[in-house]
Number of protein chains: 2
Amino acid sequence: MGIMASVNESSRESSRRGAKRDPDAAKERILQAALAEFSDKGLGGARVDVIARRADVNKRMLYHYFGNKDDLFLAVLEFSYAEIRHAELELNLDDLSPEDGMRRLVTFTYDYFIKAPYFINLLNSENLHQARHLKRSKAILDLHGPVIGMIRDLLRRGVASGVFRADADPIQVFITNASVGYFYFSNIHTLSTIFDRDLMSDTELEARRAHVVDVVMGYLRPA
Amino acid sequence: MGIMASVNESSRESSRRGAKRDPDAAKERILQAALAEFSDKGLGGARVDVIARRADVNKRMLYHYFGNKDDLFLAVLEFSYAEIRHAELELNLDDLSPEDGMRRLVTFTYDYFIKAPYFINLLNSENLHQARHLKRSKAILDLHGPVIGMIRDLLRRGVASGVFRADADPIQVFITNASVGYFYFSNIHTLSTIFDRDLMSDTELEARRAHVVDVVMGYLRPA
DNA sequence: CCTCGAAGTAACTGGTTGGTTACTTATCGC
DNA sequence: GCGATAAGTAACCAACCAGTTACTTCGAGG
């Protein structure tokens with residue numbers, strides 16, 4: 001509650017002369033260290049002492065800035081969600097044809113999982129805990145309307161020009177688009193093991209990228 | 001290693017007269033309790049004491065039968081993998097047309113995730129730990145050839161009769177089929193939260209089931 | 001009916017772990 | 001250059017946790 005209110009207001013320029021004390025930088029280091037540790041070990045496996053050490057900060061400071069382990073986890077989640085949703089908004093899909101727009105969205109999502117593997121691990125942790133952190137976050141809920149709107153627009157335009165099927169639901173398409181990439185990466189270790197292939201190799205990554213585009217575009221083709 | 005060799009050989013009929021001592025039943029109770037606890041809390045969050053209590057067994061016995069926490073986790077994993085792969089083999093897809101066979105496989109996979117939600121949680125835990133248990137399991141690797149073979153057969157027949165596209169790869173289809181259901185359920189708590197809907201309601205479950213069939217079949221349609 | 005191995009129990013151990021306490025040091029407006 | 005406040009430190013604690021030890025009880029074969 002009162003935790004985020006204690007954000008340092010005194011040093012507006014966050015990187016002044018080589019200051020011995022830099023609260024904003026310390027907060028940032030804690031957040032990044034927490035992101036790495038929570039991603040590597042999960043919420044349950046992550047150790048607060050390790051986060052403090054990784055951030056090169058005393059544990060006391062971590063508690064001072066973020067409250068407790070769960071609040072810190074929520075802060076990491078909010079940061080990660082905001083990052084991907086904002087990146088999506090900068091895709092400018094309206095400038096493209098419905099088909100190109102959809103291809104762009106699908107490849108963006110797929111490539112984002114490659115670039116930000118921690119995002120998958122964090123979501124898996126949060127779901128193991130039944131989204132109990134997310135449920136008390138005001139910040140995140142508003143982030144998702146816009147991206148569904150973007151998909152709805154693409155679908156409408158595609159239906160109007162006859163290149164997309166008419167019965168596609170934006171939320172289903174959103175979930176399916178995320179699915180085909182997310183599962184591949186979230187389960188990459190077990191899949192690589194049971195199929196005895198390195199699914200992280202460049203050739204496999206490219207093959208999957210082409211496939212997920214085919215899947216979404218194939219589904220959207222009118223009958 | 002030598003752990004599974006200590007399987008009780010003395011009481012072949014596993015339920016004799018109300019025996020005060022029944023090692024096989026105890027082992028089974030431990031496995032089921034471990035499955036529930038690992039699924040609920042993840043590998044890191046699971047507590048050996050809780051498993052012992054849930055199984056109504058002394059902790060010493062748990063270590064006696066299963067070695068240690070990691071070995072127990074692997075036993076649970078092997079059990080879960082064997083269960084789904086065996087169920088798949090009983091689908092008898094050869095008796096159906098390629099299209100009906102594929103529809104059958106897709107709905108089976110989807111419904112399996114509803115019936116066995118623990119399977120998803122276990123796989124997520126194993127992937128968080130980079131499949132390090134799976135990698136030292138001989139038992140599981142052989143399980144996956146047959147199901148890929150089933151898909152390959154379906155695809156061949158469908159291509160031959162002109163109802164499927166010719167360039168579909170069996171492993172990609174396997175992964176995609178799993179993806180569209182798995183992600184929905186593994187992320188059901190965060191998705192339900194951000195979209196403010198109960199994705200576990202009957203109507204939502206049915207809508208998604210119809211959608212995932214459409215996705216796979218839509219992809220496989222020839223151009 | 002006795003003996004011997006397997007089944008079972010309770011209490012313990014050494015190392016962690018999230019969170020706190022008591023204290024010192026730097027910063028900045030005045 | 002001073003006093004108030006925020007930043008920072010180290011040592012600590014009570015609860016916890018995977019795995020072990022030392023011991024008792026049961027059951028079946030001889």
Side-chain angles (χ1 to χ4, degrees), chain A residues 2-30 33-34 37-38 41-75 129 133, chain B residues 2-30 33-34 37-38 41-75 129 133:
Chain A
I3 295 142
M4 296 306 286
S6 72
V7 171
N8 191 305
E9 304 277 342
S10 58
S11 60
R12 287 256 157 62
E13 307 120 74
S14 48
S15 68
R16 300 150 299 173
R17 50 242 141 118
K20 280 184 181 172
R21 295 192 169 189
D22 193 336
D24 292 337
K27 284 195 71 168
E28 182 60 27
R29 286 205 312 279
I30 293 170
E37 172 76 358
F38 284 133
K41 318 271 181 64
L43 173 57
R47 299 294 159 234
V48 175
D49 297 76
V50 174
I51 295 173
R53 206 185 318 136
R54 276 171 112 148
D56 196 29
V57 148
N58 190 281
K59 192 163 59 150
R60 179 67 231 274
M61 289 294 93
L62 186 155
Y63 280 96
H64 180 243
Y65 289 131
F66 290 95
N68 61 32
K69 194 183 180 182
D70 283 289
D71 289 338
L72 178 56
F73 185 74
L74 176 56
H129 292 86
H133 304 88
Chain B
I3 294 142
M4 298 307 285
S6 72
V7 171
N8 190 305
E9 303 276 341
S10 58
S11 60
R12 286 258 158 61
E13 306 119 76
S14 47
S15 68
R16 302 150 296 173
R17 35 151 211 154
K20 279 183 179 171
R21 297 191 166 188
D22 193 336
D24 291 338
K27 285 195 71 169
E28 182 61 27
R29 285 205 312 279
I30 294 170
E37 172 76 358
F38 284 133
K41 319 272 181 63
L43 174 57
R47 299 292 160 237
V48 174
D49 296 76
V50 174
I51 295 173
R53 206 184 318 135
R54 276 170 111 147
D56 196 29
V57 147
N58 189 280
K59 194 163 55 152
R60 179 69 233 274
M61 289 293 94
L62 186 155
Y63 279 96
H64 180 242
Y65 290 131
F66 290 95
N68 61 32
K69 192 183 182 181
D70 284 288
D71 289 339
L72 178 56
F73 185 75
L74 176 56
H129 292 85
H133 303 87

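The basis for the numbers below is simple: all heavy atoms, side chains too, and nothing from hydrogens, waters or symmetry mates. Within every chain, numbering begins at 1; the chains are lettered A, B, ... in the order of the sequence lines, protein sequences first and strands thereafter.
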By side-chain contact (heavy atoms from CB on, under 4.5 Å) - contacts of B:Ala33 (at least two apart): B:Ile51, B:Arg54, B:Ala55

Rounded interatomic separation in angstrom, taking CG from A:Asn68 and P from C:dT20: 8 Å

B:Asn58 side-chain proximity, nearest of C:dA10, C:dG18, C:dA7: C:dA10

Inter-residue atom distance A:Met61.CE - A:Asp56.CG, 0.5 Å rounding: 13.5 Å

Interatomic distance where CG belongs to A:Leu62 and C1' belongs to D:dA10 [whole Å]: 16 Å

B:Asp49: partners by side-chain hydrogen bond (donor to acceptor under 3.5 Å, both in side chains), with sequence neighbours left out: B:Lys59

Short side-chain N/O contact to D:dA7 OP1/OP2 from A:Tyr63, under 4.0 Å: no

Spacing between B:Lys27 atom NZ and C:dA6 atom C1', to the nearest angstrom: 14 Å

Within residues 47-55 of chain A: residues closer than 4.0 Å to DNA chain C (heavy atoms): A:Arg47, A:Val48, A:Asp49

Distance, rounded to the nearest Å, where B:Lys41 contributes NZ and D:dC16 contributes P: 13 Å

Separation between CG of A:Leu62 and NZ of A:Lys27, rounded to the nearest 0.5 Å: 11.0 Å

d(CG, A:Asp56; P, D:dT9) in whole Å: 8 Å

Per B:Arg60 side chain, nearest of listed nucleotides D:dA22, D:dG8, C:dA7: D:dA22

Backbone of A:Leu43 reached by a side-chain donor or acceptor of A:Lys69 within 3.5 Å: yes

Global bending angle along the helix from C:dC1-D:dG30 to C:dC30-D:dG1, which compares the axes of five pairs at either end, to 10 degrees: 10°

From A:His64 atom NE2 to A:Asn58 atom CG, the distance as rounded to the nearest 0.5 Å: 12.0 Å

Non-neighbouring partners of B:Lys41 that pass salt bridge (Lys or Arg N to Asp or Glu O under 4.0 Å), sequence neighbours left out: B:Glu37

Quiz item: A:Lys59 side-chain donor-acceptor pair to C:dG19 base, under 3.5 Å: yes

Nucleotide C:dG8, atom P - distance to NE2 of B:His64 in whole Å: 10 Å

